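Read through the structure below, which is laid out as structure tokens, and then see the notes.
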Amino acid sequence: MSYIQIRNLWKEYADQVVLERINARVNKGDFITIVGASGCGKTTFLKMLLGTESPSRGAILLEDAPIPDEPSQQRGIVFQRYSVFPHLTVLKNVMLARELEHSPLLGKLFGSARRTAKQEALAMLEKVGLTAAIKKYPHELSGGMQQRLAIAQSLIRKPAILLLDEPFGALDPGIRADMHKLVLELWKQHQLTIFMITHDLKEGFLLGTRLWVFDKPRHDPQAPGAFGARITYDIPVGQSDRSLYQKIDQQLQVTQELTMEGNAA
Amino acid sequence: MKKIINLQPHNGTRWLLALLPFLLLLLLYVAASNARLADNPGDKLLPAMGSFADAIQRMAFEPDKRSGDYLLWVDTGSSLIRLGLGVGISALAGLAFGILNGAIPFARAPLSPLVTFLSLIPPMAILPILFIIFGMDELAKVMLIIIGITPALIRDMQQRVLEIPAEQLIKAQTLGASSWQIILRVVLPQILPRLLASVRLALGSAWLFLIAAEAIASTDGLGYRIFLVRRYLAMDVILPYVIWITLLAFFIDYGLKKISQWSFPWFHSQTGDGGKS
Ligand SMILES: Nc1ncnc2c1ncn2[C@@H]1O[C@H](COP(=O)(O)OP(=O)(O)OP(=O)(O)O)[C@@H](O)[C@H]1O
Ligand SMILES: [Mg+2]
């Protein structure tokens, strides 16, 4: 039995097929990075895992039951932006999950329960290196700090699955390397199952346990929306070589150009 | 020489520039008033500064001969209570229904079209109905303010709630939040500063409805007084009252702005209106 099963999954918007015939099995603890041309349906796929979009056909099963069709604490998410709450300080952003958990009526903790939640949040913030910024509001943080905050905030509720949609896309390479280390550490520590979208193929070859390439195997220049993307490669990370990297890179670029032409036409 | 869009007045200069138009207006008035009074000493249209001082002295610092009240203060108190009740109730209704409509699609579906419809009714047109239903006393005047500004406030708050990025609502759910908790911890605190901003804008209409209602049916209040003394062409009372109303409006607006900046620093540094006005 696999942890997550994706069975003949299709997603269509009006007359546009975005994803078609996706089949895959994911084990607990897998760290899957997803690459693909812009607009090929990576975010759409993640939204179906999250439960904010529903499949047009097929199903995603989580432990053999259909995955819940609204967001839940089982599946944490870090978006590219807007992931943290602008009206809460760094510390309160992280404490929020605990407050929601233990105070259904007010969503706020007081006294010793509050102190416990604070200690926990402080420990989590230390792991992501934000101890010095706990009193700041999100708009006072740099992009990298905001994403670290978003990760800390997601992990404190201990989700089983973590979904990351180009979380480091806006960061410069030095900080990105730090963030990779952080995510790998947290992945091991919390035994997470991670799906991470990236537009950087190198990142995909470097991080995690599996690399999925989303690509359209067929193109119809007259009807760019007629065919959807599929998983064209499912490669164990670490066992791939330079030539494969170049091959995938090439194919993605071809798809990108074809898509652009399709859109222009 | 810098381009003119990059030239900034310094602090002292800015104050001076701000005062300048007021001084010019004052000068213009005094000149015109003097000219008219020189023609006809009995002219009532543009009274001299001295007449204003007398009128202010009479209205604010001497008891009225008939009632024994200090009229300006009694009028001010009555009007501010009406304004405060009307605007306060409207703000609460705007907040409650705005959040309900914005956050819950099943509330929005029946309520949003209704609110839009109500907001298009010209409030002054139904003033007679209000007087018939609520009588001529306080309630009718407060109701006019409420009916006048609440629908717009609800629509505005609903829009602001809908503008909260979907990512935040999804995020809260992945942290285990219920609908109620999302409203309480994510929506409400982000909407409060926006409510204050909308109320500041709505105050202009609120004053309009207040003065209209007082002019038509009242026995005290700033609007009542202005329309009463109009019969005697008492510009020496009307103009100070108008300036007094304007000052009150200014200080209420300023107070709300300061409260907002003080309570929601994250909001004001985000929108970049933290310091200068
Ligand atoms: N709500 C929607 N309605 C209609 N079409 C949509 C909707 N959401 C996405 N699409 C379409 O689905 C396709 C896939 O979008 P998606 O956001 O999943 O791409 P992506 O792979 O994440 O791209 P990127 O790398 O640029 O983020 C796009 O062509 C987009 O236009
Ligand atoms: Mg995307």
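None of the values given here were measured: they were computed from a predicted structure. Below, chain A is the first sequence line, B the second, and so on; all start at residue 1.
Using a 4.5 Å cut-off between heavy atoms, B:Ala172 contacts chain A through both its backbone and its side chain. The part of A:Ser72 that comes within reach of chain B is its backbone (N, CA, C, O), which places non-hydrogen atoms under 4.5 angstrom from that chain. For chain A, the nearby parts of B:Ile170 are the backbone and the side chain; heavy atoms of each come within less than 4.5 Å. When heavy atoms are compared at a cutoff of 4.5 Å, A:Ile156 does not approach chain B at all.
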Between A:Ser83 and B:Glu167, does a side chain to side chain contact (heavy atoms under 4.5 Å, CB included) hold up when you go through it step by step? CA-CA 6 Å; A:Ser83 259; B:Glu167 283 88 343; 5.7 Å; no

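A donor-acceptor contact shorter than 3.5 Å links the side chain of B:Gln181 to the backbone of A:Ser103. Counting only distance, with no hydrogens or angles, the side chain of A:His87 and the backbone of B:Arg185 share a donor-acceptor pair below 3.5 Å.
Considering only heavy atoms from C-beta on, A:Arg157 stays 4.5 Å or farther from B:Thr174 through its side chain. Counting heavy atoms from C-beta on, the side chains of A:Tyr137 and B:Pro265 come closer than 4.5 Å. Considering only heavy atoms from C-beta on, B:Gln168 comes within 4.5 Å of A:Pro86 through its side chain.
The neighbour count for A:Glu126 CD, taken as heavy atoms of other residues, nucleotides or ligands under 6.0 Å away, does not exceed 12. Applying the 6.0 Å contact sphere to CD of A:Gln191 captures no more than 12 heavy atoms from other residues, nucleotides or ligands. Atom NZ of A:Lys127 sits in a crowded spot, with more than 12 heavy atoms from other residues, nucleotides or ligands closer than 6.0 Å. Crowding of A:Phe31 atom CZ: a count of heavy atoms from other residues, nucleotides or ligands under 6.0 Å exceeding 12.
Residues A:Gln73 and B:Gly176 approach most closely at OE1-CA, 3.4 Å, considering heavy atoms. A:Leu100 approaches B:Ala177 most closely through the heavy-atom pair CD1-CB, 3.7 Å.
Ranked by heavy-atom pairs under 4.5 Å with chain B, the first of A:Ser154, A:Gly76, A:Pro138 is A:Ser154.
Here CG of B:Leu175 is found 5.5 Å from CD of A:Gln153. Values are rounded to the nearest 0.5 Å. In this structure, B:Trp266 CH2 and A:Thr89 OG1 are separated by 12.5 Å, a value rounded to the nearest 0.5 Å. Separating the NZ atom in B:Lys171 from the CZ atom in A:Phe79 is a distance of 8.0 Å, to the nearest 0.5 Å.
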